[in-house]
Every structure is written in C-alpha cells, then in structure tokens.
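Working notes, beginning with the structure itself.
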Amino acid sequence: MGSYRLRVPLLTCAIASCFVSFAQVTKPKNPLGNGLEVVSQGHELYNKSCTACHGRDGTQGDRAPALGAARRYFRLSEAAIFDAVKNGIPGSAMPASGLPDQDIWRIVAYIRNIRSTASDNDVPGNVQNGMEVYQGKGKCASCHMIRGQGGLIGPDLSSIGAQLTLDQIKDALTQPVRPQEGYVPVEVTTKSGEVIKGVAKNEDAFSIDVLDMQGRLHLFNTDELQRVVHLPQSLMPHNFDKTLTAQEYQDLLAMLSRQARTKVHREQQGENEVGR
Amino acid sequence: MVKPFAFILCLASVLSAQIGDKELRQPLKDNWYEYNGSYDSRRHSELKQVDTANVHGLVASWMFHIPNAARLQSVPVVANGIMYVTQENEVYALDARTGRQIWDYRRIPAYQRSPNRGVAIWGDKVYFTTTDDYLVALNALTGNIIWESKFAEYKDGYCSPAAPLIVKGKVIVGVAFGDRGLNGTLHVLDATTGEILWTFHSIPQPGEPGNETWAGDSWKAAGGDTWLTGSYDPELNLLYWPIGNPSPDFNGDVRMGDNLYTESIVALNLDTGTMKWYFQFTPHDTMDWDSVQIPMLIDATYEGRPRKLLAHADRNGFYYLLDRENGQFLHGSRFARKLNWASGLTPQGKPIRVPGMEPSLKGTKICPNSSGATNWISPTYNPDTGYVYFVALEGCGVASKNMEKFRPGGFQYRATGDIPAPDETSRMFVRAIDMRTGELKWEQERAAAHNFGGGLLSTAGGLIFSADFEGQFTAMDAKTGKILWHFNAGQKLNAGPITYSLNGKQYVALSAGSDVISFSLFDNK
C-alpha cells in the first residue's frame, strides 16, 4: 500500500505516530459514585461553599463562570474536577477549597450531574421492565428504534441517554414539544390527488422528502405537489406520566437513560480532561 | 416524458424496496449498486443517453459538499433514487436527482484515519467500515444504526478503507495496514446479524500449503493486505480478491521464497472460504507492487471458444488474461515502456527476472518505481470495443534496502524504499489495450505525472470518463481516445466516476476532493 508514501511523507509520519499512543492512563474515579443521594449532598455543599464566586445551582456568579454551562476550558473528568476543587487552579482566582476529600467528591458528583446527560446518572428503576413498557404499553417502539429494533418515524433512541439530560427526557415524555428538524409532521397532496402523511425529513424551496407512516420514503420536487401542510404539534404523545403508572414511568426513564451507544465509544477512547 | 403521477407511484413503491441478489446480478444500468458497479467490476454501464455526439452538452446538475472533506476516495453507490457517499466514519444519503441530503450518519471512532471508499447495500440496509474496524449496518432510508460488528483490531494497526462487497447476504471486508508487517485477512460477515462467518488468511499458517514459500518464520510478519474491493462470479460462486505486497517491502533477503499469497489474485468459494486457485503476478516482490488492482471479469470468446476470463493490468508493468474457472494463464504482455526488472513472462506467466534488478544497499534503478506501472484506481472494460482501459504510470525509482527488523505495535516495516530516478521523467496515461492481445490501441496523457488520481468509467454511449488528479474530469471517445468534453472540478480528483439513470435522465457523477458532483445533459426546459 505504498502509492502515496513518497508523495506525502509527513502524513505517513503522522499516521505512524498514532500507533504508539494507544496506552491510556487509569484515572481515579469518584469513590462515592454519582448516585442521586451523593449528588444531592454535593448540591447542598456547592451552594454553601462555592457561591461566593460561582452562582447558585451551577449558574454564573459575580466572580466565576456558570459550571452548569459548556465551556471548552472546563475540567471534565472526575479526577480533573477533584483536582481543581482540592488544589485550586494556578494562575486563576480559583482557590484550593480546604474541604475534606469526601465532601470534594460530593461536589464533584454534583458538578458532573449538572453538566451530565441522563446516562451519567444512576436513574433508579427496573430497566428490564422499562423495556417492556417501551415495547408494550407505551407503544414507543412503533415509532422509535433502539439498536435496530423498532420504527423509523421518530428519532433513533439508541443513544438518547447520552444525548439528553434526564430533565429533557422527562419533558419529552410529558410536555408538548415543537417537532425537531427531520420529524416535522406533514401532509402532502400530489397533483394526482394522492395524500401522503408522514414526517418531513428534509425540505427546501424546491423539494421535500417525506417518510410516510408505513416507513416508505418519498422524494418530491415541490412542482410535483398540489399542497404541503405542516402540522404544528409533534407526533410524540406527551402524557406518559398519566397513561403509565408511576412505577412504569420510572422504569421507562431508567431504561431510556441507559441507552448510551456514544458513551460506550467515549469510554473506549478515554475521557478528555478538558473541553466539551 | 414520464407523467408525474406515474413517477410518484414509482418512487413511492421503489423507495421501500429491498435490494437483493436479483438486483445485484443485473447488468450495470440505472443503478450503481456497489463500489465496482457490478459483481464483474467492469465499470461498464449500458446507459447511452449521453454519447459521443452530445457529451459536449454535459453540465453539472448539482453539487454536494461533504463537510471537512479534503481528498475523497468514495465511489457513490446509487440505489432507487438515493445516492450514498462516505468519508471516514461518515455516510451521507442524497437525493440522486437533486443532491439534497436525506440523512447523514457520523460516528466518533476510537481511532481516526483515512480514507473510506464507500458503502455496500443489501436488503434495506447500507454497510460501511469504520476506522476502528467495525462493520456498521444502517437503515438505508433513515440512517438509523442497526448493528455494528468488530472484525479487526485497530490497536494492532489494522484499518479497512475499502468499500465492502455484498453477495447473497454475505458482507466481504478486507483490511489494510500500510506496510506494518501485519498479516492480511479477508472477513466474511452475515449481512443480517454481523456474525463473522469465515476468515481467509492471505499468509498461510504453518502446515498449510504455501507456508513453505516463506523462509524460516518470516511468514509471521508478512503483509498481504486486502485493501481493495474484489469481484464475484455468481455461476462459479467464486470471489476474486487481490492481495497486497509482502513485508518488509524492499528487503527480500529475510523472506526468501515466493511469499504466497502476496501479489496474487485468490479465488475463494463464497460459502466456505476455500481457495480454489491463485495466480501470483510477482513472486518474491521487493518493490511494494501490491497486486491490488480490481479484477475485471469478462465473458468472451478466446482462442475459438467462449471462456470466463479475468483481466488484470498489474503494478509490475505486465497485463494478464487468466481463465477464471481455474486460474490458468492465457496471455501476458508488457504494457509499461519503462520496465527493466523482467525480460518477459514464461509460458506459465511467471516473470523472467533480470539479474540484479532488486533494491540494494547503494540503490538500484528499477522501472516501474514502487508506485507501480498502475495502481488501485479503477480500470474499465468496454465490450463494444473489446478494449481494457486503465491508468498507467511510466516512471523509475532508485530503490534501496536495509536490515530493519519487525517491531510490533503498528510501526512501519518496509526496510527502506525508492526515490524518483534523477535521470528519468514520470508520465501518466490513460491507456486502451486490446483485451485479448494487450496491444496498445490508444493512450491519452494526463497532466498529473506523479499521482494516479481517480479511476475510469465506460458507457454504452461510447465514452470513457476519466478523473485526473489535477482536477479535470474528461470524457473520451472509447474507440480513439479523443477528448470530447472536460470539466474543471477545481479540486483534486481521487475517486472513480459512476453513472446512473433516474426518471429517464442519465447522470454521471463522482466524488471530487471535497464535493460530490453529478452531471447530466443540459435541459433548457
């Protein structure tokens, strides 16, 4: 496979260098875990100890940034956050906290939680039951796919736990939401009078792609259509907290929060110290 | 003119259709179902709306930009109105009429490198390989991930840039390792489940036939990667896969012997992986001349009787015609003018080596150079002319060797290389040769003298399309080589062009450096 080597030696060197950097350093993990109780304790400690500079509940303060936001310079890993709280950040106004290590780990759990997606939390509930609700009573699988199983009309949920926060998942299940791009309900009428209902996968001034309720994809130029009607409401029901029992709802949350395909890959790569 | 109603009905039904063996066995026409177009890899389409008389009216219909792309090598696959193109770890599904994106799939791999050469399609799924050696199956209409299956270990140095080939529900994927002294494998996975069904080892293990062609334990770090998509004969149920060079590339002293099955084409039973035959083009290669050129399967009369042929212009400078039922050598002839390492071929097709023409400590001038007299870019065959078309490089190198030893961990193991011979120029050509005799029929020089650029496409319109590295996309008369049309893409071209037809309109498309461009005849309606 040598055709390009003479032409681009620098590229070859760059590729070769990647092969010697696979080893990963094992970083310390939070010994207290990141369960809801630890997060709650950390929340309380944070609002007592950190809010002279940072804002309450992870918001921006008078002298320091909002730790619940996304900043590319933020510490990300548990070890890196612990180091910043314990030892301060040299060259900045961030001091060493002076707190016991156990309390620092609680704060670490809280900071991670306010930045985290659902999969970073140990959401209580029976995951297996949650999958049964998903496939049965909830009818979620008729529209959504998880790891190759389910419908196509709604977003794929294989990594939903790594994409949304727990609150966002709850909102999606219980609040009316605007349909997201690619899932806008639409009804088109062709020039021959055929009516097709589905979601608009893409749309511009001259064309529209419609995935119909039977899972067929239609690629239309708009001059082939009489009418295009967009529906304001998402096809997603938003009353799962009412149609399911409290336990079923909690089990469904537990199952969804653990769908984190991208997290698996992130862990394989090793977690970055900074950036988000 | 197709009426809108008929067209809409057609799309509505077709876009939920399954792609199966029946579709993939059809002659290359409206769709471009796989990297090489069809199982026979001839890259010759029956479409002829665009022909020698009207090709001057070919204009760009649409362009799609692939974010952050620089040097695309992806050959678009077109099935039922959707075009699929890739770059490493990303797949884009486009409306093949307009170029508008339908969906994309982007993956964060454990290890990033390039390139990726495209997808394969089967059933309701598209398949591609990632830089961390997963085969990924996606829903063809929406891009939903269906499964992923790991078939090699990137940490050892394996990657998989080639587009998969899919036959009868089996996905065939090869590996590349860029001369790191690893041993090549070819993996066959179940298209439904991702399960690995069998693996072919291109370097025979101890006790297997061929292992004796490696001195001592040199077979352990031996090369033979499988970095390009092969071909398939449905009647014989045989896969034809080209195998790469031995390791270390330039010092053959540590691996005396023929070094099977490097520099070969192997014919493998699709169901079992059993090798029916092999043909080695360059025994004991010391010039990195991977035989990784796409095997073209041709059914034609040869010496008075119909035969199943395999045509192959090799990086070593010779053109070969084999009987693909049994691997019998039928014809061989030199196509490279600059060729000094062999004086010819024996009646069995073995090269007759010129003594001393191998890398040395001080350096030896060898022609072709290590880039080869041709390379991986796609050849094509036009049954109307009976010509084989391919890209040829005329160049020489000064090749040297050293005593570098193998180091595990992904380090290159080449034992040095070659530099351009100072007293020689390098020139690049598109050549047409007679399929049966290898006689040169015409040649057309390319501007880019050092880089092979993109591949070739043949159509029943009597055209050969060629993608020059310097950015010119040209159409030539298949009979004469006369240039009839050209388009400056404004970016380097590294991929093979394709053609397809939708709603009665023929398109010609290719991946340029960072954009996919689709052309059709100017329509002033």
Side-chain angles (χ1 to χ4, degrees), chain A residues 1-8 11-22 144-153 155-156 158-159 182 190-194 196 201-204 206-212 214-221 223-225 261-262 265-266 268-270, chain B residues 4-5 7-9 11-13 15-16 81-82 95 97-98 100-103 107-113 132 137 139 141-147 155 157 176-180 225 227 244-245 249 288 290 292 369-372 375-376 397 409-412 414 417-420 450-452:
Chain A
M1 194 178 180
S3 62
Y4 291 121
R5 280 193 306 272
L6 290 175
R7 318 298 173 212
V8 278
L11 177 63
T12 308
C13 294
I15 291 171
S17 67
C18 295
F19 279 90
V20 296
S21 59
F22 291 122
H144 296 280
M145 185 173 278
I146 290 181
R147 292 165 198 270
Q149 301 294 316
L152 296 171
I153 204 79
D156 190 295
S158 301
S159 277
T190 67
K191 287 199 167 163
S192 63
E194 186 185 6
I196 295 165
K201 301 305 291 180
N202 301 282
E203 187 174 7
D204 65 17
F206 303 99
S207 61
I208 182 169
D209 305 340
V210 179
L211 184 68
D212 72 20
Q214 288 74 45
R216 295 173 302 191
L217 184 64
H218 306 256
L219 308 181
F220 291 115
N221 289 335
D223 62 7
E224 297 161 349
L225 299 173
R261 180 183 288 275
T262 55
H265 291 295
R266 195 167 67 217
Q268 284 176 354
Q269 293 175 76
Chain B
F5 180 62
F7 171 61
I8 289 160
L9 276 183
L11 273 185
S13 57
L15 287 183
S16 59
I82 302 181
D95 183 332
R97 294 183 300 170
T98 64
R100 218 163 48 74
Q101 180 176 317
I102 300 169
W103 56 260
R107 176 190 174 92
I108 301 169
Y111 176 61
Q112 184 74 257
R113 68 182 295 185
D132 51 358
N139 182 286
L141 297 184
T142 61
N144 286 45
I145 184 166
I146 307 300
W147 52 253
K155 290 180 182 174
F177 37 77
D179 304 283
R180 288 178 169 78
D225 42 5
W227 54 275
N245 61 285
D249 305 29
D288 190 14
D290 304 59
V292 179
N369 62 27
S370 70
S371 290
N375 208 300
W376 63 275
F411 296 95
Q412 285 218 317
R414 307 179 68 220
D418 68 344
I419 58 171
H450 295 281
N451 198 304
F452 284 96

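Chain letters run A, B, ... following the sequence lines, proteins first, then strands; residues in each count from 1.
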Residue B:N139 versus chain A: region with a heavy atom under 4.5 Å: side chain
Non-hydrogen side-chain atoms of A:L217 and B:I82 separated by less than 4.5 Å: yes
Per-residue contact mode, A:D204 against chain B (heavy atom under 4.5 angstrom): both
Side chain / backbone / both / neither for A:I208 at chain B, heavy atoms under 4.5 Å: backbone
side-chain contact (heavy atoms from CB on, under 4.5 Å) partners for A:Q149, two or more places apart: none
Side-chain donor or acceptor of A:R147 paired with backbone N/O of B:I145 under 3.5 Å: no
Test item: A:D209 side-chain N/O and B:I102 main-chain N/O as donor-acceptor pair under 3.5 Å: no
Just how far is it from atom [atom1] of [X] to atom [atom2] of [Y], taken to the nearest 0.5 Å?
| X | Y | atom1 | atom2 | result |
| --- | --- | --- | --- | --- |
| B:Q101 | A:N202 | CD | CG | 6.5 Å |
| B:R100 | A:E203 | CZ | CD | 8.0 Å |
| B:L141 | A:H218 | CG | NE2 | 10.0 Å |

Shortest non-hydrogen separation from B:R97 to A:N221 and the atoms involved: NH1-ND2, 3.5 Å
